[in-house]
Amino acid sequence: MVKSLQDTKTLNNGVEMPGFGLGVFKVWEDDEARFSVQKAIENGYRLIDTASFYDNEVGVGQGIKDSGVSRDELFVTTKVWNEEQGYDNTLRAFEASMNRLGLEYLDLYLVHWPVKDYYRDTWKAMERLVDEGLIRSIGVSNFKQRHLEHLMAGANVKPVVNQVEYHPHLQQQDVKAFCEQENIQLEAWSPLKQGQLLEDETIKKIADKHGKKPAQIILRWDVDMNVVTIPKSVKEHRIIENSDIFDFQLDQDDLAAIKALNRDERVGPDPDQFG
Ligand SMILES: NC(=O)C1=CN([C@@H]2O[C@H](COP(=O)(O)OP(=O)(O)OC[C@H]3O[C@@H](n4cnc5c(N)ncnc54)[C@H](OP(=O)(O)O)[C@@H]3O)[C@@H](O)[C@H]2O)C=CC1
Ligand SMILES: O=C1CO[C@H](CO)[C@@H](O)[C@@H]1O
């Protein structure tokens, strides 16, 4: 169980991954990405989640350097975008991401979406990059059980993480259970449903009960569900607020009330549309 911002999960390859981090989707300006990343790290975050699609890897890399925290204390994730998939393309995309980030090695590289006919070749390239010592761990994002099974049937390396849309309105019971069975760490994207869950009456009531903010209730729930979470904010006070979730506990009534909020409702695409 993660009990502090710095606590880690042990992945299926033995690597330690922070249980909580910063996401930077829609932080389109490098200066803003640089600021958020620097502030997050200064305030104790150790996991940063970007993607080549977010077009801010340069800013993320600068924020990491500005923070002054040593590279081996940080856990940096980026992702290979859909148009970059396939064996040779992935090798090229990885090199380009690393040049933008200005890093010598990457902690976690994810297949961003299970693009039909490509993701197995993408994976082969990622396995090669692990062999070459350029990436510590590889994983996937937006994979359903059938995608994971298909990938693993032809893989030498098992994915360590599956990063999926996950929040009280989309509790992903099936994929969560499969990942738990396979020892693949689930990671939540859009944990706040891009802000849409912050006005939910049930969440607000639980927040009032604990003297916390709605975002903190949702993020604490992620931690309790054993799901790594990466809320995005570009505001320092929210970056701090989002991580201030380790001084209280949700009780059984809270957990039951949040469980009942599930509607299987997405804010992003359904992975089925990629094949
Ligand atoms: N693998 C994938 O396909 C995907 C991965 N992701 C990853 O997941 C991360 C998180 O998801 P994301 O889509 O950004 O959405 P989130 O669910 O993290 O919500 C972010 C929104 O909530 C606001 N917010 C954050 N904290 C608070 C707070 N305490 N109080 C009020 N408002 C708040 C932010 O505004 P403000 O910045 O102004 O504070 C922003 O508008 C992404 O940044 C990205 O790294 C996201 C989508 C898809
Ligand atoms: O990472 C991402 C950001 O969000 C988009 C949709 O909301 C996703 O398509 C993309 O995977």
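Counting starts at 1 for both ligands and their atoms, following the listed order.
Following chains of ILVMFWY side-chain contacts shorter than 4.5 Å, one can reach Phe20 starting from Leu22, so the two form part of one hydrophobic cluster.
Among all protein heavy atoms, the one lying closest to atom 43 (O) of ligand 1 is Phe25 N, 2.8 Å. Atom 45 (O) of ligand 1 has as its closest protein heavy atom Asp49 OD2, 2.7 Å. The protein atom (non-hydrogen) at minimum distance from atom 4 (O) of ligand 2 is Phe25 CE2, 3.0 Å. For atom 9 (C) of ligand 1, the nearest non-hydrogen atom of the protein is Ile230 O, 3.3 Å. At the top of the distance list for atom 21 (C) of ligand 1, counting protein heavy atoms only, stands Gln194 C, 3.8 Å. Ranking the protein heavy atoms by distance from atom 9 (O) of ligand 2 puts Trp113 CZ2, 3.6 Å first. The nearest protein atom to atom 6 (C) of ligand 2, hydrogens excluded, is given as Pro269 CD, 3.8 Å; this is a heavy-atom distance. Here the heavy atom of the protein found nearest to atom 7 (O) of ligand 2 is Gln194 NE2, 3.8 Å. The single protein non-hydrogen atom nearest to atom 12 (P) of ligand 1 is Ser190 OG, 3.6 Å, given as residue, atom name and distance. Among protein heavy atoms, atom 47 (C) of ligand 1 sits closest to Trp189 CE3, 3.0 Å.
Taking the six-membered ring wherever Trp is involved, the centroid distance between the rings of Trp221 and Tyr166 falls below 6.0 Å. The six-membered or imidazole ring of Tyr119 lies away from that of Phe274, with a centre-to-centre distance of 6.0 Å or more.
Contact annotation for His112 and ligand 2: only side-chain heavy atoms (C-beta onward) come within less than 4.0 Å of the ligand. At a heavy-atom distance under 4.0 Å, only side-chain atoms of Leu198, from C-beta outward, approach ligand 1. Using a 4.0 Å cut-off between heavy atoms, Ser141 contacts ligand 1 through its side chain alone, with no backbone atom that close. Contacts of Asn242 with ligand 1, taken as heavy-atom pairs under 4.0 Å, involve the side chain alone.
Remark: ligand 1 and Val234 share an N or O pair separated by less than 3.5 Å (distance only, no angle test). Distances between N or O atoms of Tyr54 and those of ligand 2 include at least one value under 3.5 Å. Remark: ligand 1 and Leu192 share an N or O pair separated by less than 3.5 Å (distance only, no angle test). The N/O atoms of Pro231, backbone and side chain alike, include none that comes under 3.5 Å of an N/O atom in ligand 1. Between Trp189 and ligand 2, no N or O atom pair is found at a separation short of 3.5 Å.
At a 4.0 Å cut-off, at least one heavy atom of Pro191 sits close enough to ligand 1 to count as contact.
A salt bridge links Asp247 with Lys212: at least one charged nitrogen is closer than 4.0 Å to a carboxylate oxygen. The residues Lys193 and Glu265 are annotated as salt-bridged, a charged nitrogen and a carboxylate oxygen being separated by less than 4.0 angstrom. With salt bridges taken as basic N to acidic carboxylate O contacts below 4.0 Å, none links Glu149 and Arg146. The pair Lys204-Glu201 meets the salt-bridge criterion, with a side-chain N (NZ, NE, NH1 or NH2) lying under 4.0 Å from an Asp/Glu carboxylate O. Between Glu84 and Arg92 there is no salt bridge, since no side-chain N of the basic residue sits under 4.0 Å from a carboxylate O of the acidic one.
Residue contact check: His112 has heavy atoms under 4.0 Å from atoms 1 (N), 2 (C), 3 (O) of ligand 1. Below 4.0 Å from some heavy atom of Lys235 lie the following atoms of ligand 1, by number and element: 36 (P), 38 (O). Against a heavy-atom cut-off of under 4.0 Å, Ala215 is close to the following atoms of ligand 1: 28 (C), 29 (N). Listed by atom number, the atoms of ligand 1 under 4.0 Å from Lys193 heavy atoms are 17 (O). Which parts of ligand 1 touch Val24 is read off a 4.0 Å heavy-atom cut-off, strictly below it: atoms 43 (O), 45 (O). Remark: ligand 1 atoms within the under-4.0 Å shell around heavy atoms of Asn142 are 1 (N), 2 (C), 3 (O).
Asp49 and Gln163 share a side-chain donor-acceptor pair at under 3.5 Å. At a cut-off of 3.5 Å, with distance as the only test, no side-chain donor of Asn226 or Lys176 sits close to an acceptor on the other residue. Between the side chains of Glu236 and Asn43, a donor-acceptor pair is found at a separation under 3.5 Å.
Comparing heavy-atom distances from atom 39 (O) of ligand 1 across Ser233, Gly195, Ser243 singles out Ser233 as nearest. Scanning Lys232, Arg238, Lys79, His167 for the heavy atom closest to atom 25 (C) of ligand 1 points to Lys232.
Between the side chain of Thr10 and the backbone N or O of Glu16 there is no donor-acceptor pair closer than 3.5 Å.
Annotation for Lys209: atom NZ counts as buried by contact number, over 12 foreign heavy atoms lying within 6.0 Å. Other residues, nucleotides and ligands contribute more than 12 heavy atoms inside 6.0 Å of the CG atom of Asp272.
Taking the ring centre of Tyr105 as origin, the terminal cationic atom of Arg71 falls inside the region bounded by 6.0 Å and 45° from the ring axis.
The side-chain heavy atoms of Lys144 and Val164, taken from C-beta on, include no pair separated by under 4.5 Å.
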